[in-house]
Amino acid sequence: MLSLPRTLEWRDGKLAFIDQTKLPEQLVYVETEDWERVAKAIKSMEIRGAPAIGVAAAYALALFAYHSTVDSLERFLEELDRVAGALKRTRPTAVNLFWAVDRVVAAAKSATSVDDARRRVIEEAKRIHFEDEQANRRIGEIGEHLIGDGDTVITVCNAGSLATSYWGTATAPMYVARERGKKFRVIALETRPFLQGARLTAWELSQAGIEVVVATDNSIGILAEKERIDLALVGADRITRLGYVANKLGTYPLALVARVHNIPFYVAAPTSTIDMRSAGPGDFEIEKRDPSEVLYIKGYRIAPEGVTAIYYAFDITPPQLVTGIITEKGIIYPPYEKNIPRTLGLSNF
Ligand code: MRU
């Protein structure tokens with residue numbers, strides 16, 4: 001039976017999380033009682049990956065609730081809103097963050113006392129964590145048939161267990177396929193500049209006994225030509241109601257190459273990643289991070305002094321390049337503007 005390290009763990013008033021900036025050299029857990037430490041971890045990408053960010057933010061609210069000493073419900077709700085606002089300012093693109101924070105705050109709003117509100121916040125955070133793991137397992141079971149014995153699968157970034165509560169999204173079908181005895185190879189694009197592919201995906205898949213090779217991001221074209229790739233499988237930070245997919249830098253070029261080479265291009269994401277308020281690329285923010293992450297590698301400057309870098313942390317793949325979206329409610333196929341609301345059970349779209 002597969003045993004992956006837990007990305008996040010609630011320990012009765014404390015949150016333990018893997019510091020993903022230290023992988024693959026060290027597997028280090030940080031334990032904290034402080035919601036601001038969790039906010040800092042999301043911003044600095046010690047915790048990263050859309051579902052994991054959402055769960056961590058929910059637990060940050062739970063830490064606040066657990067340790068808060070205010071005794072009026074009104075004050076408690078005011079402070080909870082302030083903490084929610086601070087958490088929402090950590091990273092802009094992954095919609096799971098906003099979804100999870102809003103869900104926890106809404107749970108507190110119907111409380112009848114401070115103690116009731118505290119209990120509701122903590123319970124809601126635990127529920128979000130549990131549901132994410134269940135959803136990812138379903139994604140694995142639903143998507144597993146897409147991976148054949150002997151296949152080569154290509155992925156970008158880390159949409160793995162580390163990026164979620166457990167199982168990952170893009171990796172969930174891989175783990176289920178592995179459980180069912182299939183042998184296949186995964187090409188992990190290294191994912192400059194944060195190297196989630198080389199550091200994290202290569203680490204977690206190899207730990208699980210799945211064959212994985214790392215390739216540079218700029219080799220997608222020649223890989224499609226020479227390596228007989230059967231499937232491209234990626235995660236998402238936000239999927240709009242029309243099927244635009246925001247995901248880590250390099251996803252869109254991968255989708256373009258996949259289309260030219262007739263490689264099926266699937267996105268795996270829980271429905272908590274679908275943003276029905278956004279239609280197209282202009283409706284939400286794409287995170288721009290500090291150019292120094294591009295200009296330096298492990299503290300060593302690789303570009304001339306005086307030159308800066310352009311660094312969007314995500315790109316947006318248009319719906320016409322997406323073969324299907326694997327969710328816990330089934331695989332959504334085009335036309336997305338019709339089938340996304342239908343899968344979510346929304347009739348008014
Ligand atoms: O900047 P990151 O590392 O948080 O970006 C992560 C990704 O782009 C993932 O593919 C996405 O969040 C899905 S994780 C299941």
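Values in this document were obtained by computation on a predicted structure and should not be read as measured data. Ligands are counted one by one from 1 in listed order, and the atoms in each one are counted from 1 as well.
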*Sub-4.5 Å side-chain heavy-atom contact between Asp275 and Trp99*: no
_Pairing of Glu25 and Lys298 as salt bridge, 4.0 angstrom limit_ = yes
*Where on Thr251 is there a heavy atom closer than 4.0 Å to ligand 1, on the side chain, on the backbone, on both, or on neither?*
neither
*asked:* Give me the nearest non-hydrogen protein atom to atom 7 (C) of ligand 1 as residue plus atom name, then the distance to 0.1 Å.
replied: Asp237 OD1, 3.2 Å
*Kindly confirm or rule out an N or O of Gly160 lying under 3.5 angstrom from an N or O of ligand 1.*
no
*Quick one: pull up CG in Asp115 and CZ in Arg120 and give me the separation to the nearest 0.5 Å.*
12.5 Å
*Nitrogen or oxygen atoms of Arg91 and ligand 1 under 3.5 Å apart*: yes
*Any idea which atoms of ligand 1 are less than 4.0 Å away from a heavy-atom of Thr164?*
15 (C)
*Worked check of side chain to side chain donor-acceptor pair (under 3.5 Å) between Tyr311 and Glu293*: CA-CA 8 Å; Tyr311 178 17; Glu293 287 181 22; 3.0 Å; yes
_As an exercise, identify every atom of ligand 1 less than 4.0 angstrom from a heavy atom of Gln196._
1 (O), 2 (P), 3 (O)
*Under-4.0 Å heavy-atom contact with ligand 1, by part of Ala159 that carries it*: both
*Residues Arg138, Glu141: salt bridge by 4.0 Å N-O rule*: yes
_Looking at ligand 1, is there an atom of it that comes within less than 4.0 Å of some heavy atom belonging to Glu287?_
no
_Using heavy atoms and a 4.0 Å limit, tell me yes or no: is Gly168 in contact with ligand 1?_
no
*Who's the nearest protein heavy-atom neighbour of atom 9 (C) of ligand 1, and how far?*
Asn247 OD1, 3.4 Å
_Against Thr21, only a single residue in Asp19, Leu23, Ile18 fulfils side-chain contact (heavy atoms from CB on, under 4.5 Å); can you say which?_
Asp19
*Geometric N/O contact Ala50 with ligand 1, under 3.5 angstrom*: yes
*Are any of the side-chain nitrogens in Glu144 or Lys182 under 4.0 Å away from the carboxylate oxygens of its partner?*
yes
*Take atom CD1 of Ile302 as the centre, draw a 6.0 Å sphere, and report whether it contains more than 12 heavy atoms from other residues, nucleotides or ligands.*
yes
*Can you tell me which residue and heavy atom of the protein come closest to atom 13 (C) of ligand 1, and the distance to 0.1 Å?*
Ala236 O, 3.4 Å
*What are the atoms of ligand 1, with element, lying closer than 4.0 Å to any heavy atom of Ala163?*
14 (S), 15 (C)
*asked:* Quick test of your reading of the model: are Asp151 and Lys183 salt-bridged, counting only N-O distances below 4.0 Å?
replied: no
_Cys157 neighbourhood, listing ligand 1 atoms whose heavy-atom distance to it stays under 4.0 Å_ = 5 (O), 6 (C), 7 (C), 8 (O)
*Which one holds for Phe314 and ligand 1: side chain close, backbone close, both close, or neither close, with close meaning a heavy atom under 4.0 Å?*
side chain
*Exceeds 12 heavy-atom contacts within 6.0 angstrom, atom OH of Tyr29*: yes
*asked:* Among all the protein's non-hydrogen atoms, which is closest to atom 15 (C) of ligand 1, and how far away is it?
replied: Thr169 OG1, 3.2 Å
*Taking the six-membered ring for Trp, are Tyr333 and Tyr266 parallel (under 30°), tilted (30 to 60°) or perpendicular (over 60°)?*
perpendicular
*Considering only the protein, which heavy-atom contact is closest to atom 5 (O) of ligand 1, and what is its distance?*
Lys248 CE, 3.3 Å
